[in-house]
Amino acid sequence: MQHITILGIESSCDETSASIIKNGRVLSNFIANQDIHEKYGGVVPELASRAHQSNIVPVIKMAIDQAAIKIEDIDAIAYTAGPGLIGALMVGSSFAKGLAISLNKPLIEAHHMKAHVLAHFIEEEGKSLPSLPFLCLTVSGGHTQIVMVDEPLSQKVIGTTIDDAAGEAFDKAAKILGLPYPGGPLIDEYAQRGDPYKFKFPISDIADLNFSFSGLKTAVLYFVRDNIKVNPKFVGENLNDICASIQHTIVETLLLKFEKAIEQTGVKSVGIAGGVSANSLLRNRMLELNKKGCDVFVPKFEFCTDNAAMIAIYGHYMYLEKQFGNLSTAPQARMGY
Ligand code: KG4
Ligand code: ZN
């Protein structure tokens with residue numbers, strides 16, 4: 001049997017991460033978060049690049065040490081080539097290239113969004129991989145996509161947001177409520193104790209399998225503005241119910257289109273990916289699709305938000321196909337599917 005050991009490097013946004021995957025299984029997946037952005041209410045690109053620069057060497061060292069391998073054991077180095085923040089991507093790509101030259105190993109360019117989907121193809125004890133074709137709802141801070149996966153490396157977007165991403169909707173709503181960045185996990189937390197039907201926000205239903213979340217942001221803004229005119233303490237006194245109502249609206253907007261996609265395509269092997277797939281309501285609502293005859297895949301929390309294990313598994317599949325990158329490729333902030 002051919003043994004394949006891949007080092008994955010992720011630096012597209014505000015997480016510096018490195019992972020070792022051997023024969024499709026995770027040996028290590030080390031993630032360094034950047035708290036610096038919290039006080040600015042969003043990711044500051046310049047600060048993200050600097051933090052990646054400080055973190056990248058120790059993070060890669062940790063991933064190699066935890067995996068208990070020698071750096072020479074790596075067969076290829078996969079790094080996120082885009083989409084993402086250009087300065088942040090350049091840190092990971094430059095490091096990957098330097099390492100590839102010094103070890104004389106091939107480079108693999110990973111597509112960040114396709115890699116989120118491929119997190120489902122990481123091998124784990126007692127877990128079966130999704131059967132193909134596989135329909136995936138990828139929901140992150142920058143993207144909201146329904147993806148048809150014919151093969152791990154053959155993916156097609158069949159629905160997308162025309163404005164804000166689902167994670168952005170969570171974060172912007174949280175910001176209006178005065179919560180720090182990233183607000184998605186906090187809305188999830190407060191919502192646990194709230195009534196999702198207390199306040200009504202619009203569930204958008206635009207054409208085809210596409211999404212729109214900008215109307216929700218405006219609705220939350222006017223709702224808060226109007227209510228604090230009457231009661232300045234309105235947000236604090238109703239935070240749990242407001243969060244539960246916003247979360248319910250976002251999740252139902254996602255499910256409306258995803259269920260339509262299942263119906264239209266007839267694909268019953270389905271899953272969620274990306275940072276918002278850590279959301280507890282979305283996970284529960286997805287698992288309910290089991291009752292409708294679907295085989296539902298919900299990722300482990302460590303593979304939901306940005307991580308290098310998903311980059312390494314992408315590298316694993318690219319390695320099998322011998323799709324190697326080259327030293328003169330520049331990372332791209334925007335990258336087609
Ligand atoms: O995939 P990801 O880590 O980074 C991007 O590629 O964008 O996704 C980050 C997004 C943020 O918008 C964050 O608020 C959201 O995922 N997120 C959540 C939860 N955990 C992370 N949104 C709702 N509920 C959560 N539990
Ligand atoms: Zn991501």
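Numbering of ligands and ligand atoms starts at 1, following listing order. This structure is a prediction, so every number in the text was calculated from the model and none was measured.
Considering just the N/O/S atoms of H112, the one nearest the Zn ion (ligand 2) carries the name NE2.
Rounding to 10°, one obtains 100° for the angle at the Zn ion (ligand 2) between OD1 (D306) and NE2 (H116).
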Run the numbers on K217 and D164 for salt bridge (charged side-chain N to carboxylate O under 4.0 Å, His left out), then give the verdict. CA-CA 9 Å; K217 177 190 61 194; D164 291 350; 3.7 Å; yes
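Protein heavy atom in closest approach to atom 22 (N) of ligand 1: G184 CA, 3.5 Å. Closest to atom 17 (N) of ligand 1, if we only count protein heavy atoms, is G275 O, 3.6 Å. Scanning all protein heavy atoms for the shortest distance to atom 15 (C) of ligand 1 gives V276 CG2, 3.9 Å. Of all protein heavy atoms, the one lying nearest to atom 24 (N) of ligand 1 is N279 ND2, 3.0 Å. In terms of protein heavy-atom proximity, atom 10 (C) of ligand 1 is closest to G141 N, 3.5 Å.
The distance between the ring centers of F199 and F234 falls below 6.0 angstrom. Aromatic ring centres of H111 and Y314 lie farther apart than the 6.0 Å criterion allows.
Atoms of ligand 1 found under 4.0 Å from any heavy atom of S140, numbered from 1 in the order shown, are 1 (O), 5 (C), 6 (O), 7 (O), 8 (O). Ligand 1 places these atoms under 4.0 Å from at least one heavy atom of A278: 20 (N), 26 (N). Contact atoms of ligand 1 toward G142: 7 (O) (distance under 4.0 Å to a heavy atom of the residue). Which parts of ligand 1 touch H116 is read off a 4.0 Å heavy-atom cut-off, strictly below it: atoms 1 (O), 6 (O).
Put simply, the side chain of H143 reaches to within 4.5 Å of the side chain of S140, judged on heavy atoms. Between I122 and R25 there is no side-chain heavy-atom pair separated by less than 4.5 Å. Side chains of F211 and I162 form no contact here, defined as non-hydrogen atoms less than 4.5 Å apart. Residues F258 and L289 meet the side-chain proximity criterion, which asks for heavy atoms closer than 4.5 Å.
The nearest pair of heavy atoms linking S12 to T80 is CB-CG2, 3.9 Å.
Apart from I64 itself, the hydrophobic cluster it occupies contains L7, I9, I20, L27, I56, V57, I60, I69, I71, I74, I77, Y79, V91, F95, L99, I101, L103, L107, L327, where clustering links Ile, Leu, Val, Met, Phe, Trp and Tyr at side-chain heavy-atom distances under 4.5 Å.
Remark: R283 pairs with no residue by the side chain to side chain donor-acceptor pair (under 3.5 Å) rule, at least two apart or across chains.
Note: no N/O pair closer than 3.5 Å links S280 and ligand 1 by distance alone. Looking at ligand 1, you'll find an N or O of D188 within less than 3.5 Å of one of its N or O atoms. Between D306 and ligand 1, at least one pair of N/O atoms sits closer than 3.5 Å. Close N/O approach between D171 and ligand 1 is found [any backbone or side-chain N/O within under 3.5 Å]. Annotation: G167 places an N or O atom under 3.5 Å from an N or O atom of ligand 1; distance criterion only.
Using 4.0 Å as the threshold, C13 has no heavy atom nearer than that to any atom of ligand 1.
Shown are R285, K257, K200; of these, the salt bridge (Lys or Arg N to Asp or Glu O under 4.0 Å) with E252 is made only by R285.
Of the heavy atoms in T305, both backbone and side-chain atoms come closer than 4.0 Å to ligand 1. Proximity of Q247 to ligand 1, defined as any heavy-atom pair under 4.0 Å, is not found for any part of the residue.
The closest side-chain donor-acceptor pair between Q192 and D188 falls under 3.5 angstrom.
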